[in-house]
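Keep in mind it's a predicted model, so treat the numbers as computed, not measured. Note that these values count all heavy atoms, side chains included, but never hydrogens, waters or copies made by symmetry.
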Amino acid sequence: MSETHAAALTRIYAAGTRRSVSGQSLATAKLGLFDIVGCIIGGASTATARIARELALEQAGGKAVSVLGTREKLPPALAAFANGVAGHVLDYDDMNSTMVSHPSVVLVPAILALAEARGKSGRDVVNAYVTGFEVNGHFGRTMIPRHYEAGWHATSSLGIFGATAAAACLLDLDAKAALNAVAIAASNSAGIRGNFGSETKSLHAGQAAEGAVRAAMLSGRGFTANPEVFDAPGGYFATYGRNETPRALAAGALEIEASGIGIKPYACCGAGVSVFDAALDLRSAHSADWTRIDAVEVVLSPMA
């Protein structure tokens, strides 16, 4: 039997902790270290590096916003991250069928962070949510189910785009800058279903909310992305799995009205809700001795 990837990675790492570095390896490592230090120093004076540095400095010393459920405050992007993780860890957050995802857990942390930082109104918050939801819907109709079936966690990998658009609204970016922000976010699209069942699933929501705030703030400062990134060969849709025939939404319709959100009755993956319901129905309909049950067979849809 061939070696598993997990075994190979464990073996490689363990060997590294025991290995004496050879002269050739040492020379190459030193070359790489010195070279990149030189590149960093050389690039530090560019406008691109300056924008990234200014944003980092603003986040470090700028206005802090609320981390919900605590008395703590963090810079907007980090508050969005912390609130996103907290919002998804119980798996109790809402769902949307078009994206096969949890839209609000990425949208709302990004929105609240920038709304508080910028002193925005409740109307601004709602408008940003709806705008972000519609952007989410576009990606869902274009990419689901192919994208999800390929192993991506759409809450994060697609949710970042709606959250970025919502963040752009709160930063008062024009349409061109908002598209640029969404294009920046395309390089931060991540989250794989292979990490379901671990704490990293909730990390997905936090990192998407954080990435959305950062992408919008970078675009607001003039940081550039390729506006053709979604349609270009080798671009986002080509790489992440576009449906052969994207689903259409009726002219003038809104995704938030067509599919909306589902509120969970239980803290579990949405695919498990019907199983809970069935178990509760069985318990109420039968006075069975549950200790005599040897097995339970559950039949679900392929998506579930």
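- Two residues are said to be in side-chain contact when any heavy atoms from C-beta on lie closer than 4.5 Å; P227 and N180 fail this criterion.
- Looking only at atom types and distance, the side chain of D91 has no donor-acceptor partner in the side chain of Y266 under 3.5 Å away.
- L300 belongs to a hydrophobic cluster whose remaining members, ordered by chain and number, are V275, L282, W290, I293, V296, V298; membership requires side-chain heavy atoms of ILVMFWY residues under 4.5 Å apart, directly or through intermediates.
- The hydrophobic clustering, which links ILVMFWY residues whose side-chain heavy atoms are closer than 4.5 Å, places F237 and F161 together.
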Quick one: do N96 and S101 satisfy side-chain hydrogen bond (donor to acceptor under 3.5 Å, both in side chains)? Show the steps, please. CA-CA 6 Å; N96 173 262; S101 77; 5.3 Å; no

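- Between T4 and L9 the shortest side-chain heavy-atom distance does not fall below 4.5 Å.
- Tracing side-chain contacts under 4.5 Å through hydrophobic residues (I, L, V, M, F, W, Y), one reaches V108 starting from V125; they form part of the same cluster.
- A heavy-atom distance below 4.5 Å is found between the side chains of I256 and Y129.
- The closest side-chain donor-acceptor pair between H204 and T155, if any, does not fall under 3.5 angstrom.
- Heavy-atom minimum distance, A80 versus P109: O-CB, 3.4 Å.
- Between P76 and Q59 the shortest side-chain heavy-atom distance falls below 4.5 Å.
- Residue A232 comes nearest to A238 through the heavy atom pair O-CB, 4.5 Å, listed as atom of the first residue, atom of the second, then distance.
- Between the side chains of T245 and N243, no donor-acceptor pair is found at a separation under 3.5 Å.
- Taking the charged nitrogens against the carboxylate oxygens, K63 and E116 have no contact shorter than 4.0 Å, which rules out a salt bridge.
- In plain terms, the two heavy atoms of A49 and G43 that are nearest each other are CB-O, 3.2 Å.
- For the pair K264/H102, a side-chain contact is recorded, criterion being any heavy-atom separation below 4.5 Å from C-beta on.
- Closest approach of G260 and F133 over heavy atoms only: O-CZ, 3.4 Å.
- Taking all atoms of both residues into account, the shortest heavy-atom contact from A168 to A216 is N-CB, 3.9 Å.
- Looking at T98 and I144, their side chains never come closer than 4.5 Å, going by heavy atoms from C-beta outward.
- When D172, L171, I111, L114 are each tested for a side chain to side chain contact (heavy atoms under 4.5 Å, CB included) with K120, only one passes: D172.
- In terms of heavy atoms, A79 sits closest to V65 at CB-CG2, 3.4 Å.
- One N or O on the side chain of S189 and one on the backbone of S157 form a donor-acceptor pair closer than 3.5 Å.
- T28 and S25 share no side-chain donor-acceptor pair at under 3.5 Å.
- Salt bridge status for E255 with R141: present, with a side-chain N to carboxylate O gap under 4.0 Å.
- A ring-centre distance under 6.0 Å is not found for F230 and Y240.
- Atom CZ of R283 is surrounded by 12 or fewer heavy atoms from other residues, nucleotides or ligands within 6.0 Å.
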Could you go through the side-chain contact (heavy atoms from CB on, under 4.5 Å) check for N136 and L107 one step at a time? CA-CA 10 Å; N136 277 347; L107 283 171; 3.9 Å; yes

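- In the model, N188 has a side-chain atom that pairs as donor or acceptor with a side-chain atom of R214 under 3.5 Å.
- No donor-acceptor pair closer than 3.5 Å links the side chain of S219 to the backbone N or O of A215.
- Side chains of M99 and M143 form no contact here, defined as non-hydrogen atoms less than 4.5 Å apart.
- K201 forms a cation-pi arrangement with F196, by the criterion of a distance under 6.0 Å to the ring centre and an angle within 45° of the ring axis.
- When atom types are taken as modelled, the side chain of T70 and the backbone of E72 share a donor-acceptor pair closer than 3.5 angstrom.
- When only modelled atom types and interatomic distance are considered, D281 and S284 share no side-chain donor-acceptor pair under 3.5 Å.
- A heavy-atom distance below 4.5 Å is not found between the side chains of Y148 and L158.
- Between H147 and Y236, the angle of the ring planes lies from 30° to 60°, which puts this pair in the tilted group.
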For a side-chain contact (heavy atoms from CB on, under 4.5 Å) check, start with the C-alpha distance between Y92 and C268, then their side-chain angles and the critical distance, and finish with the verdict. CA-CA 6 Å; Y92 218 166; C268 70; over 6 Å; no

Should S121 and D124 be marked as a side-chain hydrogen bond (donor to acceptor under 3.5 Å, both in side chains) after you check the CA-CA gap, both sets of side-chain angles, and the distance that decides it? CA-CA 5 Å; S121 68; D124 293 329; 3.1 Å; yes

